[in-house]
2 protein chains.
Amino acid sequence: MYTIKDVALKAGLSQATVSRVINNHPYVSEDKKIAVKNAMEELGFVPNSSAQQMRNVKTKKIAVLVSRIANPFFSHLVDAMEKRAATYGFQLILCNTRIDKAKELEFFKLLTSKQVDGIIMASVENHWSEIEPFTKYGPIIYCNEYDPDATVTRVRLDQVEGGYMGTKHLLEKGHLKIAYCQGNDSSVSVNRRKGYLKAIAEAGIEPVKEWMFRDVFTIEDGRNIFRKIQALSNPPTAVFSGSDEVAAGIIHEAKKNSWHVPKDLAVVGFDDQPIAELLDPQITTINQFTTDIGYQTMDVMIEIINKTRINDAQDIILPIELIERQST
Amino acid sequence: MYTIKDVALKAGLSQATVSRVINNHPYVSEDKKIAVKNAMEELGFVPNSSAQQMRNVKTKKIAVLVSRIANPFFSHLVDAMEKRAATYGFQLILCNTRIDKAKELEFFKLLTSKQVDGIIMASVENHWSEIEPFTKYGPIIYCNEYDPDATVTRVRLDQVEGGYMGTKHLLEKGHLKIAYCQGNDSSVSVNRRKGYLKAIAEAGIEPVKEWMFRDVFTIEDGRNIFRKIQALSNPPTAVFSGSDEVAAGIIHEAKKNSWHVPKDLAVVGFDDQPIAELLDPQITTINQFTTDIGYQTMDVMIEIINKTRINDAQDIILPIELIERQST
DNA sequence: TTGTAAGCGTTATCAT
DNA sequence: ATGATAACGCTTACAA
């Protein structure tokens, strides 16, 4: 484990000069620079980053909070973020909050103890009032989560529009009885629901309580939703499912029970995951352009870290599109 | 940004005592301990981890190398690893190598510069001789990659058995013309191929060059494989596809071209991903117990970091199982 | 252009 | 049981 001192000794120069070469400062003569580089090479020297960070050098690490990386939406999002971060020499620390408020707060220690240069919240469990105090330790931005109280940059998709689009599409297909699935009460869900309610309201339809489902996340949850729908005395004829996974579960279970999709039950997914195109019938879904939002968010974070941008309460809204397939 | 000094001042004690409380050393009287804790609480003090790491305290970070987190096998694996790591207070640094030898080597800087306590290689691009020099900087272990030269712990699945199982199953179904798909020449692929070759050899069958496909990873690649098979003058009647994604692509394209699966073409997947059960026909596949291997690997790594286990050249082999569905 | 030396915030070794 | 104080490896005034 060699230090700067060893390199200096070997090169016959001072530690300061070695440090200057490492940080490629100006005012180092070419020959000394070469001498230092040779010495570093020979010893296989690598600077100790803890020591560097003590001197307020950046960690070049960014924490990304997601509820669960195994969720394909998040794995694709993080993949895009990592790709972009890497081009700027940043590493990602993966934080799965598992929809746990306390676990989420724990991760902010990464900021307060200076282990990361910033935090990207691709999912958020706590209210802004809990999170705000951490902003004085470093930049925090939101990705695809919208909290109007949060006084930081929010890169996001227009979820209201997403909910509206999907529902409107079903209305145009002639459906009047449209069920709605959501996960927990995240900003994403809340806004999508707004869009859903807006669309049915425009059509003069009242929301029906038994058709509003909560805490629906997985394929298995989707299966259960179908079973519930099947058991209803007055079942809906269409479902806005909130994710392609849930849609897949509903469709698969429906087929198993000899319901025809979309004739007996039309289903709209969300995310345009690979599976949406593979199922029979293929799923009508809403594309969120995961890669774009990942890139954009990372760009914003790195600009804030590099102080070429300020982290004010602004929304960067990316487009969204409906992809019509066979399930509607 | 408060330091230990501020806490000491506030509590009217020395820095040493504060440090002792932080690290809960013995020989601190109860009342002083409380005084220090109150002071820390009031100031909202959090120890600076760079400073701690300078004193050779562990980073509590582990780097996980995967080729691409968006690959469902890896996202589930990393999910399991993160879950286990979190229970021991460790964070994961996500490293996507993107099948790039140079990029992979870059990540070892995390070890040499003491930014992580260890590295888990869930994918490996470089030969062991390139990786070995880094072992003196910290523990490196392999997960689901088998390199007999690597003198470190390898937690893995019996890929030879996996290839053998899948092929044997097709043979038992009466197939004599079995194609084989693989990704790049990773140890996983090489071993699976061994199993495949062993199975057909036992049945007295010679491998056919046109039925061995390489660099097949995605759904789209699977589609292409079907097109190639279709164009063959002497096409196989079954395919060992190497992944459920590839299998899904093959099956979907086959259906589009009015081939019946499994009658015209039987397909075996790999991984037992959710999609395997949702497709029509459902995919016969091989379950790798992703969660188990994630947990096991993380346990081993943490034990090595905690010095309760030595990192010698041993294999920890986890079971694998065939799940028969409708595609064969 | 190069070197000297003072910190950065901890922990650990001595004393006391 | 508690307190000085010397490291840890690096960066950066300040001097030369």
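Proteins get letters first, then strands, A, B, ... in listed order; numbering begins at 1 in each.
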| Under 3.5 Å, is there a donor-acceptor pair between the A/Thr308 and A/Asn306 side chains? |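 Per modelled atom types, A/Thr308 and A/Asn306 side chains form no pair under 3.5 Å.
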Pairs: protein N or O with nucleotides 5-8 of chain D N or O, under 3.5 Å:
{"residue": "D/dA7", "atom": "N3", "partner": "B/Arg55", "partner atom": "NH1", "Å": "2.3"}

Spacing of [X] atom [atom1] relative to [N] atom [atom2], expressed in whole Å:
X	N	atom1	atom2	answer
B/Leu9	C/dG9	CG	P	14 Å
B/Gln52	C/dA12	CD	C1'	14 Å
A/Asn24	D/dT12	CG	C1'	16 Å
A/Arg20	D/dG9	CZ	C1'	16 Å
A/Ile22	D/dT11	CD1	C1'	10 Å
A/Asn23	C/dT2	CG	C1'	16 Å
B/Ile4	D/dT2	CD1	P	15 Å
B/Gln53	C/dT11	CD	C1'	13 Å

| said: Does the Lys NZ or Arg CZ of A/Arg84 fall within the cation-pi geometry relative to A/Tyr295 - under 6.0 Å from the ring centre and within 45° of the axis? | reply: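 Yes, A/Arg84 and A/Tyr295 form such a contact.
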| query | Do A/Arg156's NZ or CZ and the ring of A/Tyr146 fall within the cation-pi criteria of under 6.0 Å and 45°? | reply | yes
| message | Please determine whether a side-chain nitrogen or oxygen atom of B/Thr17 lies at a distance below 4.0 Å from atom OP1 or OP2 of D/dG3. | response | yes
| note | In this structure, CZ of B/Arg154 is separated from OG of B/Ser187 (nearest 0.5 Å) by 10.0 Å
| query | Nearest of C/dG3, D/dT12, D/dA4 to any side-chain atom of A/His25? | reply | D/dT12
| request: Specify the residues of residues 26-50 of chain A, ordered by number, for which at least one heavy atom lies under 4.0 angstrom from an atom of DNA chain D. | output: A/Phe45, A/Pro47, A/Asn48
| query | Among all residues two or more places apart in sequence or in another chain, which pass the side-chain contact (heavy atoms from CB on, under 4.5 Å) test with B/Ser189? | reply | B/Gln182, B/Ser186
| message | The criterion is side chain to side chain donor-acceptor pair (under 3.5 Å); which residues satisfy it with A/Asp117, sequence neighbours excluded? | response |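 A/Thr59.
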| field | Listed partners of B/Thr112 passing side chain to side chain donor-acceptor pair (under 3.5 Å), at least two apart | value |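 Here no residue qualifies.
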| query | Taking only residues at least two apart or on different chains, which pairs with a member in residues 142-151 of chain B satisfy salt bridge (Lys or Arg N to Asp or Glu O under 4.0 Å)? | reply | none
| query | Any ion pair linking A/Glu82 and B/Arg98 (charged N to carboxylate O, less than 4.0 Å)? | reply |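 Yes, charged N to carboxylate O under 4.0 Å.
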